[in-house]
A.B. asks: 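Can you keep this structure in mind? I'll have questions shortly.
This is a predicted model, so every value here is computed, not measured. This chain uses plain numbering: 1 for the first residue, then up along the sequence. FYI, side chains are in, hydrogens and waters are out, and symmetry mates aren't considered; it's all heavy atoms of this structure.
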Amino acid sequence: MTTTLIRDELQIQPLEAPLGAVIRGLDVSRPVPPEVILQLKQALRDRHILIFKDQKLTDDQLFNFATYFGDLFVPSDETPVLASAPGVTPRVIPVANIEGGYTGTGELSFHADHHWTPYPSSGSLLYAEEIPPVGGNTYWLNLNLAYETLDDATKEQIAELKLITYNPFVRDRSQPAPLYRHDRSIPLISPVFPHPLVRTHPESGKKILFLGAETEVEVVGLEPEEGAALIAKLRKHLNQPQFYYQHQWSVGDIVYWDNQATLHYREPFDSHYRRVLKRVSLAGSRPF
């Protein structure tokens with residue numbers, strides 16, 4: 001893969017992986033020239049995640065850099081997400097196992113953020129301040145590649161289907177999380193928003209298999225047995241190393257990922273170690 005030079009000191013280096021590019025020589029705490037922002041946006045369309053190395057930022061500087069790429073993601077009160085409360089949307093969310101932080105130390109299965117909302121976020125930026133010596137790595141999965149490697153019969157089968165992803169933040173967390181909604185007689189406790197199972201990326205036009213690994217879902221118009229079997233087949237297809245990149249964090253890393261084209265997964269880590277990252281999520285549009 002070739003390296004793109006923007007200025008003498010700045011590089012965009014695609015990874016030898018199914019997705020991702022490393023950005024070096026850019027201090028994002030300072031104003032970024034327009035031509036650089038445009039090239040970064042093109043690189044994100046092409047590579048789905050960008051990894052900025054050796055940054056040192058305040059929360060305000062992280063937020064200011066993020067908003068070059070879009071507005072803050074703000075959920076409705078009826079569709080809560082991580083760290084939200086009625087009328088409250090933090091600009092910068094601590095993804096950390098310290099007081100005031102979120103997500104703890106356990107495994108987080110492959111998912112797209114805010115999939116259950118009417119307008120899922122377009123992307124997020126995650127900045128590493130403290131990292132444990134082992135564990136806590138994050139994987140990103142290329143959903144366009146996952147779609148393109150399906151057989152033609154499956155592509156035809158799923159082309160027009162709609163998927164409902166149920167909100168994990170309104171269910172009883174003490175109970176096992178179902179992978180499919182079999183009992184439709186159970187009253188809904190939050191609004192639902194069907195989205196295309198095969199999503200078209202709003203900028204690249206690429207086809208995306210828009211499905212998480214373990215969230216509760218339902219395929220609109222299919223009987224539960226048929227829908228559950230289809231989703232299990234697609235999830236088995238997703239679970240292949242050929243689709244993902246594993247990121248080993250370093251302090252000062254920012255990873256900016258396209259939430260419209262990827263899933264992400266976090267390894268568990270030892271609770272005796274601190275892991276402190278900061279996240280800003282950007283607004284998206286209605287999937288089509």
A.B. asks: Does the Lys NZ or Arg CZ of R181 fall within the cation-pi geometry relative to Y166 - under 6.0 Å from the ring centre and within 45° of the axis?
C.D. replies: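 Ring-cation test returns yes.
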
A.B. asks: Applying salt bridge (Lys or Arg N to Asp or Glu O under 4.0 Å) as the test, list every pair that has at least one member in residues 227-247; sequence neighbours left out.
C.D. replies: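 Of all non-adjacent pairs touching residues 227-247, none passes salt bridge (Lys or Arg N to Asp or Glu O under 4.0 Å).
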
A.B. asks: Do the side chain of Q11 and the main chain of V22 share a donor and acceptor less than 3.5 angstrom apart?
C.D. replies: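 No, because the side chain of Q11 does not come within donor-acceptor range (under 3.5 Å) of the backbone of V22.
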
A.B. asks: Mind jotting down which residue pairs meet the salt bridge (Lys or Arg N to Asp or Glu O under 4.0 Å) criterion with at least one end in residues 144-163? Sequence neighbours excluded, please.
C.D. replies: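 Every pair satisfying salt bridge (Lys or Arg N to Asp or Glu O under 4.0 Å) with a residue in residues 144-163: E148-K155.
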
A.B. asks: Could I get the full list of salt bridge (charged side-chain N to carboxylate O under 4.0 Å, His left out) partners for D54, not counting sequence neighbours?
C.D. replies: none

A.B. asks: Distance-only criterion, 3.5 Å: show the donor-acceptor pairs between side-chain atoms of residues 62-71 and protein atoms not counting sequence neighbours.
C.D. replies:
unit_1	atom_1	unit_2	atom_2	d
N64	ND2	D60	O	3.2
T67	OG1	F63	O	3.2
T67	OG1	N64	O	3.0
Y68	OH	V32	N	3.0

A.B. asks: Is a side-chain N or O of H111 found less than 3.5 angstrom from the main chain of H264, in a donor-acceptor match?
C.D. replies: yes

A.B. asks: By salt bridge (charged side-chain N to carboxylate O under 4.0 Å, His left out), which residues pair with E214, not counting sequence neighbours?
C.D. replies: none

A.B. asks: Enumerate the residue pairs fulfilling salt bridge (Lys or Arg N to Asp or Glu O under 4.0 Å) with a member in residues 113-123, sequence neighbours excluded, ordered by first and then second residue.
C.D. replies: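 Listed by first then second residue: D113-R279.
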
A.B. asks: Got a sec, which residues hit salt bridge (charged side-chain N to carboxylate O under 4.0 Å, His left out) with E226, two or more places apart in sequence or on another chain?
C.D. replies: none

A.B. asks: Can you measure from CH2 (W257) to OG (S124) and round to the nearest 0.5 angstrom?
C.D. replies: 4.5 Å

A.B. asks: How long is the span from the CG atom in L19 to the OG1 atom in T262, to the nearest 0.5 Å?
C.D. replies: 7.0 Å

A.B. asks: Within a reach of under 6.0 Å around CG of N239, are more than 12 heavy atoms found that belong to other residues, nucleotides or ligands?
C.D. replies: no

A.B. asks: Check side chain to side chain donor-acceptor pair (under 3.5 Å) between K53 and all other residues, then give those that pass, not counting sequence neighbours.
C.D. replies: D253

A.B. asks: Please enumerate all residues that pass ring pair (Phe, Tyr, Trp, His ring centres under 6.0 Å) together with Y265, with sequence neighbours excluded.
C.D. replies: F110, Y139

A.B. asks: Please enumerate all residues that pass side chain to side chain donor-acceptor pair (under 3.5 Å) together with K206, with sequence neighbours excluded.
C.D. replies: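 None.
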
A.B. asks: Stepwise, does the side-chain contact (heavy atoms from CB on, under 4.5 Å) test hold for H247 with V255?
C.D. replies: CA-CA 9 Å; H247 183 66; V255 177; 3.9 Å; yes

A.B. asks: Which donor-acceptor pairs under 3.5 Å do side chains of residues 94-105 form with protein atoms, sequence neighbours excluded?
C.D. replies:
unit_1	atom_1	unit_2	atom_2	d
N97	OD1	R275	N	2.7
N97	ND2	Y273	O	2.7
T103	OG1	R266	NH1	2.8

A.B. asks: Which residues pass the salt bridge (charged side-chain N to carboxylate O under 4.0 Å, His left out) test with E267, not counting sequence neighbours?
C.D. replies: none

A.B. asks: Begin from the C-alpha positions of H114 and S121 and carry the test side-chain hydrogen bond (donor to acceptor under 3.5 Å, both in side chains) through to its verdict.
C.D. replies: CA-CA 6 Å; H114 317 135; S121 62; 3.0 Å; yes

